[in-house]
Structures are given as structure tokens and as C-alpha cells.
Amino acid sequence: MAKSHKSAGGAGEVSFNMTPMIDCTFLLIIFFIIASQTASDELARLLVPQVSESVAVKAPDTPNRVIVNVQSAEDENAPEDVRAVAIPGQALQYKIGGNEIAIGPNAFRELVRLIREAKGRWEANPLSADKSLVFYMEVRADRRVAYGAVAPVMEAAAEADVEKMRISLELYRKDN
Amino acid sequence: MPASPSMKNGDEVAHYVSARKQRGRGKVRLQPPLTPMIDVTFQLLIFFMLTMTFRQAEGVLPGNLPAGDTAEAATPLPDTAVRIVIMPHGEKNELARYELSDSNFRMDTGEQLFQALTDRKASMGGASASEVSLVLQPYMNVKWNWVTEAYNQAVRAEFKKISFATN
């Protein structure tokens, strides 16, 4: 891309200085990499609840938790055929790690099994010897789903002998 | 002209060339080809610009679950418990209304609920009222957003024992 021009007399060479442009471009790339949302197994893409005067605090990134995602059938990432016939409040599926649980009669049993497995993994972790770290469930449900889709998650956690839970929501924003 | 390695003795006469002239003339500028790198860089930039979505800043509210088996753990509520009924409102249940126990007044916003909870706490005797159980009783078809709104206002009003009603 460098354009050079030699004058007729061969006196001087004119060329663009590419360095600042490359610097800026790399900075932009780094910004987009950091700011973009990477779809992870633990955190499904969904809209967490937005409340007035949120008193939520940042969750520590410790392994003593299982995150249960409840995705909405009305979400733009839901399959088109599901979204077209979705009724308000309908949940698409539960998601724990890489496991997707379809809404249905077996969902509760699957939720209990996967939460128990997660708790078992934590108990096998040497960090669990630290009694200040209590295992908990994080309910990360889409704000559009009905409570009826979230209640079984809490019941399943209680069934799996999990005593603590956290509810995900948006952090406080000044414009709320 | 400076003597080059290809010159043989006697072929050409080598004249003296000052060091300053040699620097200006005979130097070869080495530069790696930048074009492919810039091409790839722009491809990456365009990719990230098109695919990026900003992540919402998320936080959590703490809570408790009934220990042990749900059926066994569900204990009857004490008479002193404050109950918040959360009912759907609007054409497609997109909104919610809140109703406190022993009150017929229905609230439409989280701020109103917070005020009502603060007043209730004051009427119960200040700090000790924090130990009073607060039970959320949402309708099954109310949106999760409004359930968390009530939960948030309860935590904000500094109630310590917040739970969900079970059947």
C-alpha cells in the first residue's frame, strides 16, 4: 500500500508513514476483542433483569458455584420456528455449563442431577476445604421469562442440598 | 563512484567518495512487506466490529434456599412474616403489581415498594425488624424481571431473611 514517488530529478522519495495507522488499527482490534461478548459455556446469551436502584454486587469469580441459565423463547438467538410461536414468558431451555436441558417433564430431574454433579465436583476440589467458600447456585434467568420457569430451578437446587443462591441482575446504572 | 566488490584492479579507477556521500547513496532500505499484514489486520477489525455486542454489567443478590428436601423443608410461615404478592399486569403480562400483606394498596413501581417496605420496617421497630421473614409470592406467569425487582427492593430495605413461597 505504500505509495512512493520519485521525482524526475531523482532527488527525494515521498512515502506515507504507515506506523501511526497500524498502531491505531491494532489498538482498535484489541479494544474490540476485550469489549466483545464471548459466548461461554457458563454464561449463555440472555438479558438479565434490569431493576431500579440495583443493590447487586459483582460476583467473585470463584469455582464454588453452579450457574443455571434460563433462556427465553422470545430471544433473538432462539430458533426462528420457536420464536414465531412463543407465548409471552415462555422459556426456551435451561443451560448449565455445556448442558442444555429442554423444558419438559424431565427437566426437573435433569436439573437436580446436574446441580448435584456440580456440587460433587466442588467437594472434590481442594479449595472446598476453605469453609468460607460455601457452594451456591447462581440463577441467571432472562428477564422476559415467567417465574413459573425459574421456580423449578430453585426447587431443584434445594433438592440437591444447595443452601445458598445468588440472583443475577444488572448492576446499578445512574440512568436507572 | 565508490569501489564495488565486482570491480577488479585496473578495470576502473576508484575515486575517493566521502563517507557522507556513501551514506546517502549506497544504502539499501530493508522493509518487510506490510501489505498482507495490513490486509489481515483490516479483516480482523471489520470482523470484530460486525460481531461485537456489549456485555451488560452483571451483579448478584444473595439469597437462601430451603435446606434439604423441598417437601420436608417447606415450613409454615410465622405470623409475623411480611408477604409480597407479585401479580402480572398489562395486556401481555409485561408489567407487575406488588401487594404487601395486611394492605390493600397495590404498587406499580419498585420505588413505591421500597417505600412501603421501609415504612413497614419502621412500624415494626427498626433494626429488629430486619430479622422478620420476608416472603415473595409471585404468580407463576409474572415476568422474572419483576420478581427480581421486588427481591432487590427487599435487600435494599435491609431485610435479611428473604425467601420464596413454595406450595
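Worth knowing before you read on, the calculation uses all heavy atoms, side chains too, and leaves out hydrogens, waters and symmetry mates. By convention in this document, chain letters (A, B, ...) are assigned in the order of the sequence lines, proteins followed by strands, and residues within each chain are numbered from 1. All figures in this text were calculated on a predicted structure; none of them were measured in a lab.
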**Main-chain N/O of S52(A) paired with N152(B) side-chain donor or acceptor, under 3.5 Å** =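 Yes, because the side chain of N152(B) sits within donor-acceptor range (under 3.5 Å) of the backbone of S52(A).
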Using non-hydrogen atoms and a 4.5 Å limit, figure out which bit of [X] sits close to chain B: side chain, backbone, both or neither.
{"X": "V145(A)", "value": "both"}
{"X": "A151(A)", "value": "side chain"}
{"X": "I29(A)", "value": "both"}
{"X": "L47(A)", "value": "both"}
{"X": "V139(A)", "value": "side chain"}

**Prompt:** Are any non-hydrogen side-chain atoms of M21(A) and I38(B) less than 4.5 angstrom apart?
**Reply:** yes
Joint hydrophobic cluster, [X] plus [Y], side-chain heavy atoms closer than 4.5 Å:
{"X": "V153(A)", "Y": "M140(B)", "value": "yes"}
{"X": "I162(B)", "Y": "L169(A)", "value": "yes"}
{"X": "L27(A)", "Y": "F47(B)", "value": "no"}
{"X": "F114(B)", "Y": "Y151(B)", "value": "no"}
{"X": "L28(A)", "Y": "L34(B)", "value": "yes"}

Contact class of [X] relative to chain A, heavy atoms under 4.5 angstrom:
{"X": "V147(B)", "answer": "side chain"}
{"X": "Q153(B)", "answer": "side chain"}
{"X": "M37(B)", "answer": "side chain"}

**Prompt:** Which residue out of D142(A), I87(A), V48(A), V70(A) racks up the most heavy-atom pairs below 4.5 Å with chain B?
**Reply:** V48(A)
**Request:** Determine the option with the most heavy-atom pairs under 4.5 angstrom with chain B, choosing from G89(A), P88(A), A141(A), A59(A).
**Result:** A141(A)
**Test side chain to side chain contact (heavy atoms under 4.5 Å, CB included) applied to Q50(A) and T148(B), step by step** = CA-CA 8 Å; Q50(A) 203 173 28; T148(B) 53; over 6 Å; no
Roughly how far, to the nearest 0.5 Å, is the [atom2] atom of [Y] from the [atom1] atom of [X]?
{"X": "T41(B)", "Y": "I22(A)", "atom1": "OG1", "atom2": "CD1", "value": "7.0 Å"}
{"X": "E74(A)", "Y": "K92(B)", "atom1": "CD", "atom2": "NZ", "value": "8.5 Å"}
{"X": "F164(B)", "Y": "M165(A)", "atom1": "CZ", "atom2": "CE", "value": "4.5 Å"}
{"X": "R156(B)", "Y": "E53(A)", "atom1": "CZ", "atom2": "CD", "value": "4.5 Å"}

**Asked** Pick from L45(B), L44(B), L61(B): which one has the most heavy-atom pairs with chain A under 4.5 Å?
**Response** L61(B)
**Request:** Run through W146(B), Y139(B), W144(B) and flag the one making a side-chain contact (heavy atoms from CB on, under 4.5 Å) with Y147(A).
**Result:**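 Exactly one option meets the side-chain contact (heavy atoms from CB on, under 4.5 Å) with Y147(A), and it is W144(B).
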**Message:** Check this for me: does any side-chain nitrogen of one of E58(B) and K58(A) sit under 4.0 Å from a carboxylate oxygen of the other?
**Reply:** no
**Prompt:** Taking all atoms of both residues into account, what is the closest heavy-atom pair of G59(B) and A56(A), and its distance?
**Reply:** C-CB, 3.8 Å
